[in-house]
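Everything numeric here is computed off the predicted structure, so don't read it as measured data. All ligand and atom numbering here is 1-based and tracks the order in the structure.
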Amino acid sequence: MDGGHLATLTLGDSVTRLPGVGAKRAEDFRKLGVETIGDLLTLWPRRYIDRTRITPIGELRPGATSTVEVTIQSVAERMLARGQKVTSLSVSDGTGRLDVTFFHAGWIKRHLRPGVRLLMTGRVEVFRHQLAMTHPEFAVLTGAERPRLGLWPIYPLAGELKQRFVQELEAQVVPMWAAKLDDPLPLAIRQQRQLRDRASSVEHLHFPQDVGDRESARRRLVFDEFLRVSLAVLWLNQRSGGRPAPVLDAKNALVQRLLSALPFSLTPGQQAAWADIAHDLTQEKPMARLLQGDVGSGKTLVALLAMLAAVGSGYQAALMAPTELLAEQHQESLANWLSPLGVPVGLIRAGQSDERVASGEPMVVVGTHALISERVTFDRLGVVVVDEQHRFGVRQRARLSEKGTAPHMLVMTATPIPRTLALTVYGDLAISRMGDKPPGRWPVTTVHLRGRDRRQAYVAVQQAVRQGRQAYVICPLVGDTEEVNGKAAQQLAEGMRTLPGWRVGLIHGRLPSHEKAKVMEDFRRGSIDVLVGTTILEVGIDVPNATVIVIEEADRFGLAQLHQLRGRVGRGPAPATCYLIADPTTPEAEARLEAMVMTQDGYELAERDLAIRGPGEVLGMRQHGLAGFQLADPIGDLALLEDARVVARQILADDPTLDHDDHRILKAWVHEMLGSEWPTSVLH
Ligand code: ADP
Ligand code: MG
């Protein structure tokens, strides 16, 4: 590579300026979120292979993964029956000989000539009494080059990108550009917190010398991720702090009428949460509260009271659901409560608007994120409720308070997010936790059946249907997309339609939304007995007459998902059963199923989940891309998170506008976090 040419490039330049990266590879890189040279610096390795020690061939042990430094003695190629090419090498290091095999290795052949020196890492095998490796990771050593030892990065790939190509590119780019990174953190803070500098952390996260080196680099970069979001949140609070929210009458006539119309009394948990909320709503300071309560604990009713506090005081209220299906369902169930009170409930779909909303008519509006899109203008927004939305973070809040008012905000979740994390992701949220469930509920009897015993589950479905009850059947997760899963659900449903006396409905993510709504409506009205679906049924669906849920191939689902699915039944007064059909093949899957059978409690399940999976993967937080953390493990790194919050406060206390020269990069980070749509006038 031509070092002179590279030296003229900057971090913002496109990767296509780098040698070897043409349009095709640039396209593949884009899929990984990499467009510029700077992006390559933060394309973090997925994992590492241990190359901290070279083992002489004479000391290799079968079964171990080892690194050897060798010279190629001979190269042979042969064709397998299926037209597959195999390249075999014989290599040695003076202490012994090793056979190496590569399948379909056309693209690496050019490196593999007798006399070439290699550093190779792989699993040691014995094949025909000879030490061997298949598809080892390798690096070519040129001239007298000493092998670079340490942990060797393995990168995420996309399209036709090859691991070796990305490794080599990173090996050229990282040392050259990482050093040029300015440190966003003032030296004094770094010293005080014992954090290493960002430049060397970036370089060493790509190419750590050993595990300790990687950990100290990771620690610094995780700190930065937390600092970024903490600063943005505090910044936002500081800015919106000035704007008052409407003072609402939480005991207004509408609220009273709903309370007296309820056919049941509030649970103690609901009462306490409502007391917290009612107090907040009568303050000028905008409410920012997280309502945590397990599946079925009755969060929606509490939200409804909050929304009526707004409507009864002459304001509007909005409820945002994670999917359109849930929005529709919320709209229907809210209408059941609200129509008798004469309160309009509107549903806004993506790309739509509603005149009544813009005219300021007091009402409840339900929708997805479309509600904070540009088209919907609220004239008098008093309360916003966000249901089960982990991604509703800082940026979305910024968008909301851009809408002219500072509404009171309530975030509802069944996920037991640790307090510190909730604070960071959602801002300075107060927390209400409901630990109980409406009385008279039967626990959902949970049964694990092997595949060969699945009949038992369907006999129970049959009995339920005969008694006028309803059932869900969740089809196996066959692929990564709703497309394939939808097809599988369809097959399952078609099979069941042949059973006498069952009215079977089908729902999956690929159905157009009006069809989804129709199926849900039919199920709710009881004109469908058995609803076959994908995990689209996971959240929020509330049909109290459904008493059986069958989950096929339950071992494929995570614990949080299983718990959510089970929460679809046991919502009425009749006893309910959940059948988990699975032949688990790993101890973890076995443990998940056992946990489901043993406990109904979402918080306890979350703890077991933590024990089974280890921190980080819990509750699908990674998958949710919570707050856009790339390296941070929101549970394992909690202490660092607390540190970062303290530092963020300290920085903003000294320099509330981040105009100090030392804080230049931090200010850019805040801008970036809050989004380009954030009006700059607010930033000054
Ligand atoms: P979640 O917390 O999962 O959102 P929901 O709000 O959907 O739970 O409530 C579950 C069911 O319990 C609904 O059918 C709701 O009408 C009912 N419910 C709510 N509060 C009570 C209560 N205090 N007593 C009896 N049933 C209740
Ligand atoms: Mg709910």
Side-chain angles (χ1 to χ4, degrees), residues 255 258-277 289-308 319-323 325-341 345 364 366 385-390 392 410-417 431-444 469-470 472 520 523-526 537-547 549 560-576 578 600-603 605-606 619:
V255 173
L258 178 73
L259 284 172
S260 53
L262 288 179
F264 44 69
S265 47
L266 297 182
T267 64
Q270 285 172 320
Q271 272 166 17
W274 172 233
D276 292 343
I277 293 166
R289 188 171 282 280
L290 183 67
L291 178 60
Q292 288 190 324
D294 201 359
V295 186
S297 60
K299 296 182 291 293
T300 316
L301 185 60
V302 176
L304 180 56
L305 290 168
M307 295 193 285
L308 279 185
L319 189 154
M320 280 193 272
T323 66
L325 184 66
L326 277 178
E328 277 156 13
Q329 153 136 6
H330 270 307
Q331 193 242 357
E332 269 173 49
S333 59
L334 290 179
N336 282 342
W337 294 109
L338 293 176
S339 307
L341 302 176
V345 186
V364 169
V366 185
V385 178
V386 183
D387 188 20
E388 276 304 341
Q389 185 46 273
H390 303 155
F392 192 84
L410 182 67
V411 178
M412 304 195 285
T413 181
T415 311
I417 306 171
I431 297 183
S432 299
R433 211 167 251 176
M434 303 199 297
D436 47 10
K437 284 200 186 185
R441 292 294 169 80
W442 305 68
V444 180
R469 306 268 174 211
Q470 290 161 285
Y472 298 101
M520 279 319 299
F523 190 61
R524 184 192 301 279
R525 282 189 305 140
L537 287 169
E538 188 182 325
V539 214
I541 306 288
D542 182 26
V543 177
N545 191 45
T547 54
I549 184 167
Q561 231 173 1
L562 289 174
H563 181 57
Q564 281 286 351
L565 286 168
R566 178 171 59 186
R568 294 315 106 215
V569 297
R571 302 175 80 87
C578 167
Q600 306 271 318
D601 181 279
Y603 291 78
L605 276 175
L619 308 169

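- Of the candidates Gln271, Met412, Met434, Lys299, the one placing a heavy atom closest to atom 2 (O) of ligand 1 is Lys299.
- Considering only heavy atoms from C-beta on, Leu291 stays 4.5 Å or farther from Val385 through its side chain.
- Remark: ligand 1 and Gly298 share an N or O pair separated by less than 3.5 Å (distance only, no angle test).
- By the 30° and 60° cut-offs, the orientation of the rings of Tyr472 relative to Phe523 is tilted.
- When side chains are defined from C-beta on, Phe264 counts as touching Leu301, because their heavy atoms get closer than 4.5 Å.
- Residue-to-ligand polar distances place Asp542 within reach of ligand 1: an N/O pair is separated by less than 3.5 Å.
- For Ser265, the heavy-atom gap to ligand 1 drops under 4.0 angstrom.
- The residue from Arg568, Arg571, Lys299 that alone fulfils the salt bridge (Lys or Arg N to Asp or Glu O under 4.0 Å) condition with Asp542 is Arg571.
- Glu328 has its side chain out of reach of Met520: every pair of non-hydrogen atoms, C-beta onward, lies at least 4.5 Å apart.
- Between Ser297 and ligand 1 there is a heavy-atom distance shorter than 4.0 Å.
- Heavy atoms of Gln270 found under 4.0 angstrom from ligand 1 belong exclusively to the side chain.
- For the pair Val364 and Trp337, the minimum side-chain heavy-atom distance is 4.5 Å or more.
- You'll find the side chain of Leu305 stays beyond 4.5 Å of the side chain of Gln270, heavy atoms only.
- Per-residue contacts place Thr300 under 4.0 angstrom from the following atoms of ligand 1 (heavy atoms of the residue considered): 4 (O), 5 (P), 6 (O), 7 (O).
- Near Thr267, with a cut-off below 4.0 Å to any heavy atom, the atoms of ligand 1 are 23 (N).
- Using 4.0 Å as the threshold, Asp294 has a heavy atom nearer than that to some atom of ligand 1.
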